[in-house]
Number of protein chains: 2
Amino acid sequence: MNARTNTREKILNTAAFLFQKNGYHATGLNEIIKESGTPKGSLYYHFPNGKEELVAATIKLMGDKIQHQIKEELAKNSDPVLAFKEFILDLAQNFNEKDQENCFSIGLLALETVPINESLRKTCIEVYDLWTDAYYQKLVSSGFSSEKARELSLILQLIIEGAITISLIRNDTTMLVAAAEKIPVLLENK
Amino acid sequence: MNARTNTREKILNTAAFLFQKNGYHATGLNEIIKESGTPKGSLYYHFPNGKEELVAATIKLMGDKIQHQIKEELAKNSDPVLAFKEFILDLAQNFNEKDQENCFSIGLLALETVPINESLRKTCIEVYDLWTDAYYQKLVSSGFSSEKARELSLILQLIIEGAITISLIRNDTTMLVAAAEKIPVLLENK
DNA sequence: GTCTATATACGGATAGAC
DNA sequence: GTCTATCCGTATATAGAC
């Protein structure tokens, strides 16, 4: 790993953490360079188009990372009901550990970027599709029909998004737990 | 209606529109005074604590207004399944009419204010509780047990929040329609 | 109560030395 | 590739006339 990669990664990781925590507008480039210990010149060397290019890269990074974690978590149980239930309860558990790892939502970033940049909006949609696809594949491989799996993956997406959003606002995991307990009812017809 | 009320209301309505559309950080006070046609001095006369006081007032205003609309919409059908289904489909319809009235979410504002101000976070929670309570009352008056109604009102809250969030990001109403179609399954046991 | 002019700080971005 | 100094615009907030 050369110096180039190192600096770029450092900027990217710091940016991902700050953007997901405080949002796009509330996170200044000055904060990112201060926190990551990299000078502003390096940031503009690696991301010539500045803040928008940086946030697009972090959204993609978080999207891939989270998709990987989703697949990993869902693979732990062959039974889909159990798999999704445990997955959501796992989100709830992660929620209490306030470290860099609990970035399971790009909701704030996505809502902020919708009104300012069409290309960023598209990037966010691609990320959501990535996650929905992971749900879809788990459902299909568990015996759900393609049609049913498509419909349910959307429902799972919106329930998880809603539960995380409200959990963040309330700063408790009640909603995530409530969502987990509704999984059996939602998946009852294959 | 005296001049005082008039100016204050004008600022408040403009602020509510811009805040809900673009978010807290992306909305400048200069934009609000320009759009509303009121000078900056008046804004600081009516809201001495500036932007934070203004956004708190708009969140409360939107919260009350939306609660009123929720109750009105749910009252149209005595059958709870039909009532909630129609309510969500109505949200979907409103969604396409891009006017000041389609402010049915404070999600962006809430997520943005969580990391900056504890008191604003509390205000947002009160608003969500207001809405959840409207769902709860409809369920109870439809024959659901108090316990069941409490649980279901949370689920309805998170489904609606999730569906609106993703609809905003995708700029289509697929998720709202999908949510509406899941209402019968969710409410099947009283 | 209303309005304008201004203070002050910080934002993103750039130039150019090394 | 790395780093510093600096530009310029805009942000919130305030002072003080009317």
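Chain letters run A, B, ... following the sequence lines, proteins first and then strands; every chain starts at 1.
Take A/Tyr128 and apply the ring-ring contact (aromatic ring centres under 6.0 Å, His included) test, not counting sequence neighbours, and it matches A/Trp131. By the side-chain contact (heavy atoms from CB on, under 4.5 Å) test, B/Ser78 pairs with no residue at all, sequence neighbours left out. In this structure B/Asn30 satisfies the side-chain hydrogen bond (donor to acceptor under 3.5 Å, both in side chains) test together with B/Lys40, sequence neighbours excluded.
Proximity of B/His25 to the phosphate of D/dA11: no side-chain N or O atom is located under 4.0 Å from OP1 or OP2.
If you check the side chains of A/Asn13 and A/Glu9, you find no donor sitting under 3.5 Å from an acceptor.
Mapped onto DNA chain C by nearest heavy atom, B/Ser42 and A/Thr27 fall at different nucleotides, with B/Ser42 at the one closer to the 5' end.
Sorted by first and then second residue, the salt bridge (Lys or Arg N to Asp or Glu O under 4.0 Å) pairs involving residues 163-187 of chain B (not counting sequence neighbours) are A/Asp129-B/Arg170, A/Glu151-B/Lys182.
Contacts between residues 52-61 of chain B and DNA chain D, counted as heavy-atom distances below 4.0 Å, involve no residue at all. Within a heavy-atom distance below 4.0 Å of DNA chain C, the residues of residues 29-41 of chain A found are A/Leu29, A/Asn30, A/Lys40.
Using a 4.5 Å heavy-atom cutoff, the side chains of B/Leu12 and B/Phe47 are in contact.
Between B/Leu43 atom CG and D/dT12 atom P there is a gap of 10 Å when expressed in whole angstrom units.
Looking at B/Arg121 and B/Glu118, a side-chain N of the basic residue comes within less than 4.0 Å of a carboxylate O on the acidic one, giving a salt bridge.
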